[in-house]
Colleague: 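Dropping the structure in here first, questions after.
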Amino acid sequence: MTRFVAGRIGFYTLVALLLAFFTIPLLWLASAPFTSNPTYEVRLPDFTWENFQIILEHPYALGSLVNSLILAIGTAVLVVVMSALAAYALSRVRLPGRDALLYALLLLSSIITGTAAMVPLFQLAIELGLIDSHTGLILIMTGGLLPAAIFMIKDFMDTTPKSYEESARVFGASPLQIVRHVVVPVVRPGLATIAVWTIANVWGNFLMPYLLLSDVEKQPAAVIMYTLYTEGGQANLKVLSTFGLLYSVPVVLMYLFVSKKYGFRFHGGIKR
């Protein structure tokens with residue numbers, strides 16, 4: 001009995017430490033923007049709006065958030081549409097080596113990371129005239145995220161009953177109409193999961209925008225945040241904390257909305 005009680009106490013102590021480890025930074029992020037002179041300590045704010053006024057007067061801060069939205073939404077749209085079409089084709093068409101191809105794409109996308117491919121990608125962007133272009137950056141990030149997205153959404157496609165599609169064919173539906181009106185409504189939770197996953201990856205991406213966008217007016221928030229330091233290289237806590245809060249709010253709201261409406265799942269939605 002004593003050993004059981006000691007084990008439970010140790011377990012709950014470990015859980016409390018882990019919660020504190022993740023909660024304290026969040027409490028600091030929630031309080032520092034409303035504090036006149038924030039430090040690295042978590043303390044009650046004096047509820048000033050001075051820090052937000054500094055961000056509003058910054059020439060690139062709010063624009064960078066808009067750029068992040070453009071990149072994230074543009075990439076998410078392409079990844080969701082292209083991965084859904086590719087996963088549907090791979091799920092319904094029986095090709096020799098189909099599964100091996102899918103696993104090879106996933107493996108190569110994991111091995112050849114953005115850091116390893118940055119030189120050829122930069123050269124390719126120069127050749128195609130895509131430097132300082134949101135379109136070029138969206139295309140490059142879409143290519144990097146597609147293999148994993150196809151792999152995840154294919155399971156949703158596999159569990160969609162083919163009888164639904166056969167019924168639609170009887171009434172003369174075309175393949176694209178079947179995908180749009182039959183398959184997509186069934187796999188909508190999976191598409192929402194892929195969209196959130198894509199936006200989260202693009203939202204926090206620093207390397208590719210830093211390499212391909214030299215125009216500061218086109219750079220996203222992840223790159224602009226790197227510049228919010230004093231001339232001596234010290235962190236400007238007023239600006240960083242406030243900008244960090246604004247930077248995190250869209251992703252948190254998106255997560256709460258999608259989680260409430262669809263939930264997050266990495267498996268198919270219909271059990272047969």
Side-chain angles (χ1 to χ4, degrees), residues 19-77 79 114-115 118 131-138 140-141 144-145 195-259:
L19 288 175
F21 180 79
F22 289 104
T23 303
I24 290 176
L26 296 178
L27 291 176
W28 181 87
L29 183 62
S31 60
F34 302 96
T35 305
S36 300
N37 294 298
T39 63
Y40 292 105
E41 298 178 354
V42 177
R43 58 182 182 178
L44 291 176
D46 50 14
F47 298 103
T48 180
W49 296 98
E50 175 187 353
N51 300 337
F52 290 91
Q53 185 64 34
I54 295 175
I55 290 296
L56 290 175
E57 295 174 354
H58 192 282
Y60 306 115
L62 296 183
S64 68
L65 292 172
V66 175
N67 293 334
S68 291
L69 286 173
I70 293 172
L71 295 174
I73 294 174
T75 305
V77 170
V79 169
T115 304
M118 62 182 179
I131 296 294
D132 270 345
S133 168
H134 284 164
T135 302
L137 184 57
I138 288 172
I140 288 175
M141 291 191 293
L145 296 173
V196 173
W197 173 77
T198 301
I199 291 174
N201 274 277
V202 175
W203 195 261
N205 193 306
F206 170 83
L207 180 62
M208 285 303 166
Y210 182 75
L211 289 175
L212 300 179
L213 299 176
S214 58
D215 187 350
V216 68
E217 294 184 355
K218 296 182 180 180
Q219 291 175 346
V223 178
I224 293 299
M225 186 178 293
Y226 181 72
T227 67
L228 300 180
Y229 291 85
T230 63
E231 294 181 359
Q234 298 296 320
N236 188 337
L237 295 182
K238 283 187 175 184
V239 179
L240 278 175
S241 62
T242 307
F243 188 72
L245 180 63
L246 296 176
Y247 180 59
S248 61
V249 165
V251 177
V252 172
L253 292 178
M254 174 195 65
Y255 173 82
L256 293 175
F257 171 77
V258 175
S259 180

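Fair warning: this is a prediction, and the values are worked out from it, not measured in the lab.
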Colleague: Quick one, L212 and D132 - any side-chain contact, counting heavy atoms below 4.5 Å?
Modeller: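 No, their side chains stay 4.5 Å or more apart.
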Colleague: Tell me every residue that passes ring pair (Phe, Tyr, Trp, His ring centres under 6.0 Å) with Y226, counting only those two or more places apart in sequence or in another chain.
Modeller: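 Only F206 meet the ring pair (Phe, Tyr, Trp, His ring centres under 6.0 Å) criterion with Y226.
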Colleague: For L19 and T23, work out which heavy atoms get closest and say how close.
Modeller: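 That closest heavy-atom pairing would be O-OG1, 2.5 Å.
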Colleague: Roughly how far apart are L228 CG and L237 CG, rounded to 0.5 Å?
Modeller: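 Between L228 CG and L237 CG, I get 11.5 Å after rounding to 0.5 Å.
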Colleague: Output all residues satisfying salt bridge (Lys or Arg N to Asp or Glu O under 4.0 Å) with E50, sequence neighbours left out; order by chain, then residue number.
Modeller: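 By the salt bridge (Lys or Arg N to Asp or Glu O under 4.0 Å) rule, E50 matches K238.
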Colleague: Got a sec, which pairs hit salt bridge (Lys or Arg N to Asp or Glu O under 4.0 Å) with one end in residues 51-75, sequence neighbours left out?
Modeller: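 Qualifying pairs: none.
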Colleague: Stepwise, does the side-chain contact (heavy atoms from CB on, under 4.5 Å) test hold for I224 with T227?
Modeller: CA-CA 5 Å; I224 293 299; T227 67; 4.1 Å; yes
Colleague: Taking all non-hydrogen atoms of both residues, which atom of M225 and which atom of L240 are closest, and how far apart?
Modeller: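 Smallest heavy-atom distance, with atoms named: O-CD2, 3.7 Å.
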Colleague: May I ask you to test the T135-I138 pair for a side-chain heavy-atom distance under 4.5 Å?
Modeller: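 No - every pair of side-chain heavy atoms lies 4.5 Å or more apart.
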Colleague: Mind checking what makes ring pair (Phe, Tyr, Trp, His ring centres under 6.0 Å) contact with W203, not counting sequence neighbours?
Modeller: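 If we apply the ring pair (Phe, Tyr, Trp, His ring centres under 6.0 Å) test to W203, skipping adjacent residues, the hits are Y247.
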Colleague: Is atom CG of L44 surrounded by more than 12 heavy atoms (other residues, nucleotides or ligands) closer than 6.0 Å?
Modeller: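 No, CG of L44 has 12 or fewer neighbouring heavy atoms, counting only those of other groups under 6.0 Å.
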Colleague: Give the table of side-chain donor-acceptor pairs shorter than 3.5 Å for residues 59-75, with sequence neighbours excluded, one pair per line with atom names and distance.
Modeller:
unit_1 : atom_1 : unit_2 : atom_2 : d
S64    : OG     : Y60    : O      : 3.4
S64    : OG     : A61    : O      : 2.5
N67    : ND2    : G63    : O      : 3.3
N67    : ND2    : E217   : O      : 2.9
N67    : ND2    : K218   : O      : 3.4
N67    : ND2    : Q219   : O      : 3.0
S68    : OG     : S64    : O      : 3.2
S68    : OG     : A221   : N      : 2.8
T75    : OG1    : L71    : O      : 2.7

Colleague: Determine whether F52 and L245 make a side-chain contact, defined as any pair of heavy atoms from C-beta on separated by less than 4.5 Å.
Modeller: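 They are in contact (side-chain heavy atoms under 4.5 Å apart), so the answer is yes.
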Colleague: Would you say that V223 contacts V216 through its side chain, given a criterion of any heavy-atom pair below 4.5 Å between the two side chains?
Modeller: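 Result no, sub-4.5 Å side-chain heavy-atom pair not found.
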Colleague: Taking C-beta and beyond as the side chain, do H134 and L213 meet within less than 4.5 Å on heavy atoms?
Modeller: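 Side-chain contact under 4.5 Å: yes.
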Colleague: Can you list, pair by pair, the side-chain donor-acceptor contacts under 3.5 Å of residues 29-39, counting residues two or more places apart and other chains?
Modeller:
unit_1 : atom_1 : unit_2 : atom_2 : d
S31    : OG     : L27    : O      : 2.9
S31    : OG     : W28    : O      : 3.4
T35    : OG1    : S31    : O      : 2.9
S36    : OG     : D46    : OD2    : 2.7
T39    : OG1    : E41    : N      : 3.3

Colleague: CG/N205 to CD1/I140 distance, rounded to the nearest 0.5 angstrom?
Modeller: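 Here the rounded value is 10.5 Å.
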